[in-house]
Asks: 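I'd like to ask you about the structure that follows.
Throughout, numbering of the chain's residues begins at 1 and tracks the sequence. Worth saying up front: this structure is predicted, and the values here are computed from it rather than measured.
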Amino acid sequence: MRMKQFFLFVMLCTMLLQPAHAQSMLDSLQQVDEVVVVGRLRHQETLPAQHLKGKQLEHLDNHSIADALRYFAGVQLKDYGGVGGIKSIDVRSMGSGHMGIYYDGIELGNAQNTQTDLGQFSLDNVEEITLYNGQKSSIFQTASDFGHAGSVYIRTRRPQFTTPQQRQRTTLKAAYGSSDNMQMAALWERQLTQTTSTSLNAAVQTASGRYHFRYRRALPDGTTAYDTTAVRQNGDIQSSRLEWNIYGGDNRQGLWSGKAYVYWSDRGIPGAIVNNVWRRGERQHDLNSFVQGSWQKDMCRRFSSRLMAKYAYYRTRYMNHDITQLPTDNHYYQQELFLSTSNVLEIVPHWSASISYDLRWNKLNADSYRFAYPTRWSNLVAMATALDLCHLKVQASALSSFIHDHTRDGHPSASYRRLTPALFINLLPFADQRLTIHAYAKQSFRMPTFNDLYYTDMGNAMLRPERATQYDIGLRSRNQWNMHGWKWTLELGGDTYYNTTRDKIIAYPKGQQFRWTMLNLGKVRTIGAEATAAATCQPNADMLISMQVQYTYQRASDKTNPATPYYNHQIPYIPRHSGSLTAAISYKHWTANYSFIYTGERYNEQENIIYNHMEPWYTSDMSLQYDFTLMRCQWKATLEVNNLLSQDYDVILNYPMPKRNYMMKVSVTI
């Protein structure tokens, strides 16, 4: 009932707004963000990144950030199934804890378990998603940006109006699909002054989470243990999201922005399908909120400064009413305060240097027995320099991390100090820059989470951070030409890499009470290669054809202990081969899209034996979209078919994914 009232309130507010003239699809894709920041040497990035933006995001038939990230090379999505299933990512077998997720320039933190559920972020208001391996290779950034093995940057849409008369725009969306999945959203954008604009994005979702799946398991000798069709239970979700943004300033006064975000959800946790048990009694309530702001100014021609601040409050309630287990009803309260300053100086032409400082405070409270009530203070200082010699770009950086934990009730505390350097090189052998060759070497580390260190009867306060070392070399090529009046664009890329992770944190059983403890035991070595290709063809002004293909090979070996039976085996859930393909064709008002994802065979345990083997899976998704203008409003109608061939598969063992499912969408911009 609360969700219905919330949605009605938002809809009434948006309907009462003064209507504005519709903006064309072309206008919505024009970006001035590239021009807002003056294109001096020090702001340029050394290495290329993977991007999804504009119509590329629309073509993927997706509903959340996590769904879109599946199409990046080297990314493995951990999806526990269903509409409300938790979704996190792993890039190049480094583990999700080594990834930084940035929302409009500021990191989405979670000191409790490092898991950022990307399913809670919608694509409705997202303009661009960028994946960086190693780190974002720009020296003008926060200190924490230098500290991750990989980063995902999510940039929301900034209001843009093409004519002085157009000062307001409202977009309403509605969608309904399988599993009783109903979504409604509203986006309101307003030009307040010549240099100030604001936007308000609200969305609600409700779904039963029920879908048919086939549960089939075979014994090692090949005989069938289970083979039945059932309906997924306890996967329902109700959620609402509200996001407000404001942007202002100019290059003379400084650019500033602010954001307030609130997400609420009540979901069932369907659990694993084991021992012929189809329904679990677990539920989770989440209230995630944060406010953040940034200010950037060119103090003079050679010096720029940026300030950022954020406060976040997360509340989680976990309940387990399964009659076969001990009843549980725990509350967790997490707070985070983040302050950052970044400064860059152009020492001489073609040579820049920067210094950044971050202060982060994390606190976790809970009502569980003998809880440690941890507090973490993190001080990060990064120094970097960049050199641009026309055909050669070099960037070097060093991050110093000083981290101290404090606990209550006699629990041991921990302190850490680390220095992690990085070096990036980009070579442009040709004057037209159609070919680039890049390489980098980088060290990073992952702090143990609050759960790793202080979880009751499980944590280990003596844990060391996971240490990672990365080496990469690759190339990019871009060519454009005309053939018989057809305009062609072809982009090719490839990377080979070598990563090692030491002091990997694992859970280890102890004693006779089936309790677990956290230990530093693991060492993982990853050798991999990635290949990408993207092509567009424009036969005439009314038609556009595009295609993108990516392939990833990973040999992620467990190098912990030669005496173990799984030494040199592939680590769990990492396939040797994976890839994706997306294709789209647009003609006048019609657009047809096709996407394909393939994940090769893998193992769900450390030993690569037949009992732990998981078959490859692949999915095909299709959509058809029609754009039209009616009553001076821009309308869009979309029909999607996901998992077209209705394949039965698990991303995580015993968490079956939906078979063929459908979604219908309608949106209008006024």
Asks: For Asp236, check salt bridge (Lys or Arg N to Asp or Glu O under 4.0 Å) against everything at least two apart and list the hits.
Replies: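 Checked Asp236 against salt bridge (Lys or Arg N to Asp or Glu O under 4.0 Å); matches are Arg283.
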
Asks: Do you see a donor-acceptor pair shorter than 3.5 Å between the side chains of Ser368 and Asn330?
Replies: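 Not at all, the side chains of Ser368 and Asn330 share no donor-acceptor pair under 3.5 Å.
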
Asks: Within the distance-only criterion (no hydrogens, no angle test), does the side chain of Gln292 pair as donor or acceptor with the backbone N or O of Tyr103 below 3.5 angstrom?
Replies: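 Side chain of Gln292 to backbone of Tyr103, a donor-acceptor pair under 3.5 Å: yes, one is there.
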
Asks: Under the 3.5 angstrom rule, does the side chain of Glu466 hit a backbone N or O of Thr501 as a donor-acceptor pair?
Replies: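 No: the side chain of Glu466 does not pair with the backbone of Thr501.
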
Asks: Counting N and O atoms only, with roles assigned by atom type, does the side chain of Lys173 sit under 3.5 Å from a partner on the main chain of Leu187, one being a donor and the other an acceptor?
Replies: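 Not at all, since once roles are kept as given, no pair shorter than 3.5 Å links the two residues.
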
Asks: When you compare the side chains of Asp495 and His438, does any donor N or O come within less than 3.5 Å of an acceptor on the partner?
Replies: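 Side-chain D/A pair, Asp495 to His438: present.
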
Asks: Does any donor atom in the side chain of Thr198 or Trp244 lie under 3.5 Å from an acceptor atom in the other side chain?
Replies: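 Side-chain D/A pair, Thr198 to Trp244: present.
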
Asks: Could you tell me whether the side chain of Asp358 and the main chain of Ala143 form a donor-acceptor pair under 3.5 Å?
Replies: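 The answer is yes, because a donor-acceptor pair under 3.5 Å joins these two groups.
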
Asks: Going by side chain to side chain donor-acceptor pair (under 3.5 Å), Glu189 matches just one of Gln160, Arg158, Arg169. Which one?
Replies: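 Among the candidates, only Arg169 passes.
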
Asks: Specify the closest pair of heavy atoms between Phe140 and Arg306, including all atoms of both residues, with the distance to one decimal.
Replies: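 Where Phe140 meets Arg306 most closely, the heavy atoms are O-NH1, 3.3 Å.
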
Asks: Just jot down the side-chain hydrogen bond (donor to acceptor under 3.5 Å, both in side chains) partners of Gln141, sequence neighbours excluded, or say none.
Replies: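 Here no residue qualifies.
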
Asks: Hey, does the side chain of Ser151 reach the backbone of Tyr132 with a donor-acceptor pair shorter than 3.5 angstrom?
Replies: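 No, because the side chain of Ser151 does not come within donor-acceptor range (under 3.5 Å) of the backbone of Tyr132.
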
Asks: Report yes or no: does Thr142 contribute a side-chain atom to a donor-acceptor pair with the main-chain N or O of Ser340 at less than 3.5 Å?
Replies: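 Flag not set: sc Thr142 to bb Ser340 has no pair under 3.5 Å.
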
Asks: Would you say the side-chain atoms of Asn234 pair up with the backbone N or O of Ile269, donor to acceptor, closer than 3.5 Å?
Replies: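 Pair found, side chain donor or acceptor close to backbone of Ile269.
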
Asks: Kindly indicate, with the supporting measurements, whether the criterion side chain to side chain contact (heavy atoms under 4.5 Å, CB included) is fulfilled by Phe445 and Asp503.
Replies: CA-CA 10 Å; Phe445 76 100; Asp503 289 331; over 6 Å; no

Asks: Is it the case that more than 12 heavy atoms not belonging to Lys297 sit under 6.0 Å from its NZ atom?
Replies: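 Atom NZ in Lys297 is crowded, with more than 12 foreign heavy atoms closer than 6.0 Å.
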
Asks: Given Gln334, which partner from the list Asn288, Asn110, Asn365 fulfils the side chain to side chain donor-acceptor pair (under 3.5 Å) test?
Replies: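 Going through Asn288, Asn110, Asn365 one by one, the side chain to side chain donor-acceptor pair (under 3.5 Å) with Gln334 is satisfied by Asn110 alone.
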
Asks: Taking only residues two or more places apart in sequence, or in another chain, which ones meet Tyr573 in a side-chain hydrogen bond (donor to acceptor under 3.5 Å, both in side chains)?
Replies: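 For Tyr573, no residue satisfies side-chain hydrogen bond (donor to acceptor under 3.5 Å, both in side chains) once neighbours in sequence are set aside.
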
Asks: Is it true that the side chains of Glu243 and Asn245 contain a donor and an acceptor less than 3.5 Å apart?
Replies: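 Side chains of Glu243 and Asn245: pair found under 3.5 Å.
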
Asks: For the side chain of Gln205 and the backbone of Ile237, is there at least one donor-acceptor N/O pair under 3.5 Å apart?
Replies: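 No; judged by distance alone, with no hydrogens or angles, the pair does not exist.
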
Asks: For the residue pair Glu336 and Gly109, what are the closest heavy atoms and their distance?
Replies: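 Closest approach of Glu336 to Gly109: OE1-CA, 3.6 Å.
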
Asks: Before we go on, tell me: are the rings of Tyr332 and Tyr318 under 6.0 Å apart, centre to centre?
Replies: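 They do not qualify: ring centres at least 6.0 Å apart.
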
Asks: Cut-off 3.5 Å, side chains only: do Ser580 and Gln550 have a donor facing an acceptor?
Replies: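 Side-chain D/A pair, Ser580 to Gln550: present.
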
Asks: Between Thr420 and Ser444, is any side-chain donor less than 3.5 angstrom from a side-chain acceptor?
Replies: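 No, no side-chain donor-acceptor pair sits under 3.5 Å.
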
Asks: Only counting residues at least two apart or in another chain, list the ones meeting salt bridge (Lys or Arg N to Asp or Glu O under 4.0 Å) with Arg315.
Replies: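 For Arg315 there are no salt bridge (Lys or Arg N to Asp or Glu O under 4.0 Å) partners, ignoring immediate neighbours.
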
Asks: Should the heavy atoms of other residues, nucleotides or ligands under 6.0 Å from CZ of Arg418 be counted, would the total exceed 12?
Replies: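 Atom CZ in Arg418 is crowded, with more than 12 foreign heavy atoms closer than 6.0 Å.
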
Asks: Can you list everything that forms a side-chain hydrogen bond (donor to acceptor under 3.5 Å, both in side chains) with His51? Sequence neighbours excluded, please.
Replies: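 In terms of side-chain hydrogen bond (donor to acceptor under 3.5 Å, both in side chains), with neighbours along the sequence ignored, His51 is linked to Glu128, Thr130.
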
Asks: If you take all heavy atoms of Pro374 and Phe450, which pair is closest and at what distance?
Replies: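 Answer, listing the atom of Pro374 first, then Phe450: CG-CG, 3.7 Å.
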
Asks: Under 3.5 Å, is there a donor on one side chain and an acceptor on the other for Ser595 and Tyr71?
Replies: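 Yes - a donor-acceptor pair under 3.5 Å links their side chains.
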
Asks: Could you grab the distance from atom CD1 of Ile129 to atom CD1 of Ile101, nearest 0.5 Å is fine?
Replies: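 Rounded to the nearest 0.5 Å, the CD1-CD1 separation comes to 10.0 Å.
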
Asks: Under the salt bridge (Lys or Arg N to Asp or Glu O under 4.0 Å) rule, collect the residues that match up with Glu282, sequence neighbours excluded.
Replies: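 Testing Glu282 for salt bridge (Lys or Arg N to Asp or Glu O under 4.0 Å), a comparison that skips the adjacent residues, returns none.
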
Asks: Any sub-3.5 Å donor-acceptor pair from Ser137's side-chain atoms to Leu47's backbone N or O?
Replies: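 At least one qualifying donor-acceptor pair exists.
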
Asks: Would you check if the side chain of Thr552 reaches a backbone N or O of Gly74 as a donor-acceptor pair within less than 3.5 Å?
Replies: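 Between the backbone of Gly74 and the side chain of Thr552 there is a qualifying donor-acceptor contact (under 3.5 Å).
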
Asks: Are side-chain N/O atoms of Tyr454 and Asp405 paired as donor and acceptor at under 3.5 Å?
Replies: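 Yes, side-chain donor-acceptor contact under 3.5 Å.
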
